[in-house]
Engineer: 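The structure is given below, and queries will be raised subsequently.
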Amino acid sequence: MNFTVAIDGPAAAGKGTISKAVAARFGMKHLDTGLLYRAVGAKTLAEGADPVEAAEALRPEDLDETRLRTSEVAQAASRVATLPEVRAALVAFQRTFAQSDGGAVLDGRDICTVICPAADVKLYVTASAEVRAERRFLELTAKGEAVTRDGVLEDVRARDERDMNRAEAPLLPAADAQIIDTSEMDIDTAVEAAAAVVQAALDAR
Ligand code: DC
């Protein structure tokens, strides 16, 4: 069975957690496409690599999650993600993944709009910048990163600004995406809301 769930949204809106939980519940594969951009960003930071060459040479072993979850790498990812050649180099991998046998959940910024416009389910998961910054602050401090609330809010806003206003594949809700605003939801409620949309689409097949 091919069945694609496409989930977009800004940083720290909860789409990663929702995507993982939905994939696990329905036995589908999951790809966090932000990791692709983070891996390219990390290479430019660590090796001064050319971002386009880094994107073209990306291997699965470059996607080691722990190393890529820092705020410095997130900003570098957001910067390399503005380059059309970097985005182009990552399209085929994502589209192939979306066709995985048994179904696939992909989350990112342009999955509904560019990568999988014909997805079976399209969701836009969002929350206010303040709520997202607070979640990210708690996540980063739990990992021992020395960050301040104000600094994290500034980072979230800078990334929103860059991700939403870039010329190539900007972050925006697809016209036919269902919007889930998690500002006032706990994570279980948000997962249930997303799972209900997926279940309805599966039932309608
Ligand atoms: O989801 P994330 O925070 O790991 O993403 C890191 C950056 O990568 C994000 O700020 C913008 C970019 N990105 C993108 O441009 N397109 C995607 N599909 C996923 C991420």
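One-based numbering, in listed order, for ligands and for the atoms of each. Any value given below was found using the heavy atoms of this structure, including those in side chains, with hydrogens, waters and symmetry copies removed.
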Engineer: Should I7 and L106 count as side-chain neighbours, where that means a heavy-atom distance under 4.5 Å?
Structural biologist: no
Engineer: Return a yes/no value for D32: is any of its N or O atoms, backbone included, closer than 3.5 angstrom to an N or O of ligand 1?
Structural biologist: no
Engineer: Return yes or no for this condition: an N or O of R159 is under 3.5 Å from an N or O of ligand 1.
Structural biologist: yes
Engineer: Using heavy-atom distances, let me know which of I7, V86, D110, L106 sits nearest atom 18 (N) of ligand 1.
Structural biologist: D110
Engineer: Pick out which of I187, L140, T17, T182 makes a side chain to side chain contact (heavy atoms under 4.5 Å, CB included) with R135.
Structural biologist: T182
Engineer: Give the numbers and elements of all ligand 1 atoms closer than 4.0 Å to a heavy atom of K15.
Structural biologist: 1 (O)
Engineer: Does Q99 reach the main-chain N or O of R95 with its side chain, forming a donor-acceptor pair under 3.5 Å?
Structural biologist: no
Engineer: Check the pair R25, E192 against salt bridge (Lys or Arg N to Asp or Glu O under 4.0 Å), reporting the backbone distance first and the verdict last.
Structural biologist: CA-CA 10 Å; R25 178 163 322 177; E192 289 314 317; 2.7 Å; yes
Engineer: Has the side chain of D8 got a donor or acceptor atom that lies under 3.5 Å from a matching backbone atom of I111?
Structural biologist: yes
Engineer: Determine whether a donor-acceptor pair (N or O, by modelled atom type, separation under 3.5 Å) exists between the side chain of T4 and the backbone of A98.
Structural biologist: yes
Engineer: Any nitrogen or oxygen of R136 lying under 3.5 Å from a nitrogen or oxygen in ligand 1? Just yes or no.
Structural biologist: no
Engineer: Which part of M164 is near ligand 1, with near meaning a heavy atom under 4.0 Å away: side chain, backbone, both or neither?
Structural biologist: neither
Engineer: Any idea which atoms of ligand 1 are less than 4.0 Å away from a heavy-atom of R87?
Structural biologist: 14 (C), 15 (O), 16 (N)
Engineer: T189 side chain to M185 main-chain N or O, any donor-acceptor pair under 3.5 Å?
Structural biologist: no
Engineer: What residue and atom, counting heavy atoms only, is the protein's closest point to atom 8 (O) of ligand 1, and at what distance?
Structural biologist: Y37 CB, 3.4 Å
Engineer: Using atom types as modelled and distance alone, determine if a side-chain donor or acceptor of R166 lies under 3.5 Å from a backbone N or O of A169.
Structural biologist: yes
Engineer: Of the backbone atoms (N, CA, C, O) and the side-chain heavy atoms from C-beta on, which set of R109 has a member under 4.0 Å from an atom of ligand 1: side chain, backbone, both, or neither?
Structural biologist: both
Engineer: Is it the case that the side chain of K29 and the backbone of G102 share a donor-acceptor pair, with hydrogens and angles ignored and the cut-off at 3.5 Å?
Structural biologist: no
Engineer: Suppose I only count heavy atoms of A77 and a 4.0 Å limit; which atoms of ligand 1 are within that range?
Structural biologist: 6 (C), 7 (C), 8 (O)
Engineer: For atom 4 (O) of ligand 1, what's the nearest protein heavy-atom neighbour? Residue, atom name and distance, please.
Structural biologist: R38 NE, 2.6 Å
Engineer: Give the atom numbers and elements of ligand 1 that come within less than 4.0 Å of a heavy atom of A81.
Structural biologist: 12 (C), 15 (O)
Engineer: Identify the closest protein heavy atom to atom 19 (C) of ligand 1: which residue and atom is it, and at what distance?
Structural biologist: T33 OG1, 3.4 Å
Engineer: Is any N or O atom of R166, backbone or side chain, closer than 3.5 Å to an N or O atom of ligand 1?
Structural biologist: yes
